[in-house]
Amino acid sequence: MMAVTQWLSRLCVAATCLGGMTAKADETSTNAALDAGIRTAQSGAILAADPAVAPAPVPPVRRPDLAKADADDILFPRYPILAPNVAFWTKVFSEYSENQSAIHDMNNLDMVFEVLDFTSEAAYMDPGSLRRLKNAEEAAALTRTRKLLEEVHEARYQPETLNVEQRRIFDLFSKNTDDARFANAAKALRSQRGLRERTQMALETSGNYLPAMEGVFQSYSLPLRLTRLPLVESSFNVEAYSKVGAAGLWQFIPSSARIYMRLNDVVDDRRDPWTSTDGAARHLRDDYAALGAWPLALTAYNHGRGGIARGLSQTGGTELPDLIRGYNAKSFGFASRNFYAEFLAASDVERNWRKHFGEIQRKTPLEFDVVETQHYVPYETLRRLCNADDEVFRKLNPAYRPEVIAGKLYVPPGHLIRVPAGAAQNFTVGYAQLGDHERFDQQRVNYLLHKVKRGDTLSKIASRYGVTQASIRNNNRVGKKGVRAGQVLKIVPHSEARPGPVTVAVGESKPGLTRAEKHASDAVAKAVPKPSKAGYRTHKVRYGQTLTSIAHTYKVSLRDLRQANDMGSSSEIRVGDKLRVPVSR
């Protein structure tokens, strides 16, 4: 066990369009946190490209003073077509309260027909009742406004016949001469609740993470303004989880997360602010490399890289306005069309936070040391060794699944653990003294038991637990006739990562490998080359492999593997790389 003290040395700022320029924030936006400084071994962590290992942290960096307004306009252009959208979202983030709802035209965001205000009701109503009231009033307002627009459309050639409310609507369109303007607006009504309180809280919370996030993005030579994207995605809420399964500060969906970080039965790195920040940096870097412009790359972060490429191909366009004007795919809806405008608005608000919110108190950066596990260890043991209460330890290591926290699964070897600042040495001493009852050579076994009831089918059971029917068949003696009432089935928890060895209940004997597992095991064994005379094997990195998985395959420590390849504390590897693997003795 050792504290990680060797930092990545990738911090360089390239004076290029890709990363040499960034938006100049208000000089006090994060300077208080940056001026205070963070202990070198305690800043937020920058993660290597190896998605299986959380790499060592990097020192905090001050925002470089190389951003100019004109440079910002080059990187993040303000297209005239988006001006009304940016103005609308600026009001949403900084003016409209969470107890206000704007009724607007989703295709023309400068058309706000009514703003509902529930401030007085919020003072005495419980959250559930207030939410129901808002939903009902918003629905009524949409119906009322739609009817008004339809009435104005019918009388558009005789404005003198309009009543006061109808005339107000008519006058809102004074600059629009399209004959179908009122009818089109009636079909495009939408309500939007304000985010002022949430944005202020996000700005306060961001102080915990922004200095480290800027360090990560600078290490990849990316514009630092991109670190403000969580204002749009999650309001800097680490616990944020969307209806479509996106999680964490950066709102990664599972499919994207699997590319850039760990997502399995042990950890969900989307919930880790430091790990997910590295993943987001690489995601945005790849989007930019594919599309060549930040407006397109940011929109791809929401809509998908392939979708943006298809849209450009179909429209023959080269930039975001071409998509907004001509790409009519159903999937390219309101959220995607507005994502870049929201980013501009949110980052503008953050840059000028004092103008919008007055004095606010930013939280200070979280400080921690980093240590590395070398065995399978209970989560509770790691927490005890660093003498941290449960809340602090979880805040520093938020990626672990409930099964790990509850002790049903162990924290595996090669995991970098964040401990309170100054606790690394005591942790290391305590770890060395652990007995065999607290550190293990293999993962703890675990599965769920299900007793089949009358009416249960294999399909119903698989759906209930979110697993495949094949998984249930492979781990139980289920024949062609299916399950039978009274039968007890072993349900292996669903893993969002690649399939691994079947786990079994504590205290029961481990079943034999399935055919698929045996095939995978044999394939790994055959792939391991024999050692050279020099005491090293050579391993060519294949798709899906990580430094941790390679270390486990050859039964060497992660530290020895890094040292053999002069990697320092980095774990970044790429498909096709040839690694020197020391012979395990």
Side-chain angles (χ1 to χ4, degrees), residues 4 6-14 16 18-23 25 29-30 33-34 37-64 66-67 75 205-231 233-234 236 238 248-252 256-257 259-262 269-289 294 297-298 301 343 347 350 365-368 370 396-399 416 418 567-572:
V4 178
Q6 184 175 10
W7 309 113
L8 300 179
S9 58
R10 296 182 298 167
L11 296 181
C12 59
V13 181
T16 65
L18 176 60
M21 298 173 281
T22 181
S29 65
T30 57
L34 292 170
I38 311 172
R39 294 173 55 181
T40 300
Q42 300 163 0
S43 70
I46 178 172
L47 304 182
D50 179 0
V53 181
V58 294
V61 293
R62 294 181 180 275
R63 177 186 292 115
L66 22 103
L75 288 174
T205 303
S206 68
N208 283 157
Y209 309 111
L210 269 180
M213 292 167 67
E214 290 185 343
V216 171
F217 273 69
Q218 188 172 355
S219 75
Y220 285 108
S221 297
L222 296 174
L224 302 191
R225 186 170 188 167
L226 296 171
T227 59
R228 276 54 180 177
L229 188 55
L231 289 169
E233 288 285 25
S234 64
F236 276 90
V238 177
L249 289 186
W250 295 92
Q251 288 293 280
F252 271 90
S256 296
I259 299 172
Y260 295 102
M261 62 193 71
R262 301 169 300 185
D269 277 335
R270 298 177 300 169
R271 297 187 178 279
D272 187 304
W274 300 279
T275 312
S276 62
T277 292
D278 183 84
R282 289 184 284 118
H283 191 324
L284 287 163
R285 178 193 63 184
D286 294 347
D287 287 337
Y288 181 88
W294 284 117
L298 281 160
Y301 191 86
F343 166 75
S347 56
E350 192 272 342
L366 296 177
E367 298 182 342
F368 51 81
V370 180
L396 293 177
N397 302 278
L416 299 187
R418 302 184 192 96
M567 300 178 70
S569 57
S570 172
S571 296
E572 184 170 359

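All residue numbers in this chain count up from 1 along the given sequence. Hydrogens, waters and symmetry mates play no part in the numbers below; they use all other heavy atoms, side chains included.
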Is there a side-chain contact between [X] and [Y] in this structure, where contact means two heavy atoms from C-beta onward sitting under 4.5 Å apart?
X    : Y    : result
L249 : F236 : yes
I259 : F252 : no
F343 : L231 : no
F217 : D278 : no
L226 : R285 : no
P273 : P398 : yes
V216 : W274 : no
M261 : W250 : no

Distance check, rounded to the nearest 0.5 Å: [X] atom [atom1] versus [Y] atom [atom2]?
X    : Y    : atom1 : atom2 : value
M213 : S276 : CE    : OG    : 7.5 Å
D287 : W294 : CG    : CH2   : 8.0 Å
L224 : S347 : CG    : OG    : 12.5 Å
Q218 : T227 : CD    : OG1   : 11.0 Å

Exercise. Can a salt bridge be assigned to the pair R228 and E233 using a cut-off of 4.0 Å between side-chain N and carboxylate O?
Worked result: no

Exercise. Of all heavy-atom pairs between P211 and P365, which one has the smallest distance, and what is that distance?
Worked result: CG-CG, 3.8 Å

Exercise. So, the side chain of D269 versus the backbone of D272: is there a donor-acceptor pair under 3.5 Å, distance only?
Worked result: no

Exercise. When you measure from the side chain of R282 to the backbone N and O of Y260, does any donor-acceptor pair fall under 3.5 Å?
Worked result: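 Yes, R282 side chain to Y260 backbone: donor-acceptor pair under 3.5 Å.
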
For this session: Could you tell me whether R418 sits above the aromatic face of F368, with NZ or CZ closer than 6.0 angstrom to the six-membered ring centre and within 45 degrees of the axis?
Result: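 The answer is yes, since R418 meets both limits relative to F368.
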
For this session: Assess whether side chain to side chain contact (heavy atoms under 4.5 Å, CB included) is satisfied between Y209 and T277, documenting all intermediate values.
Result: CA-CA 10 Å; Y209 309 111; T277 292; over 6 Å; no

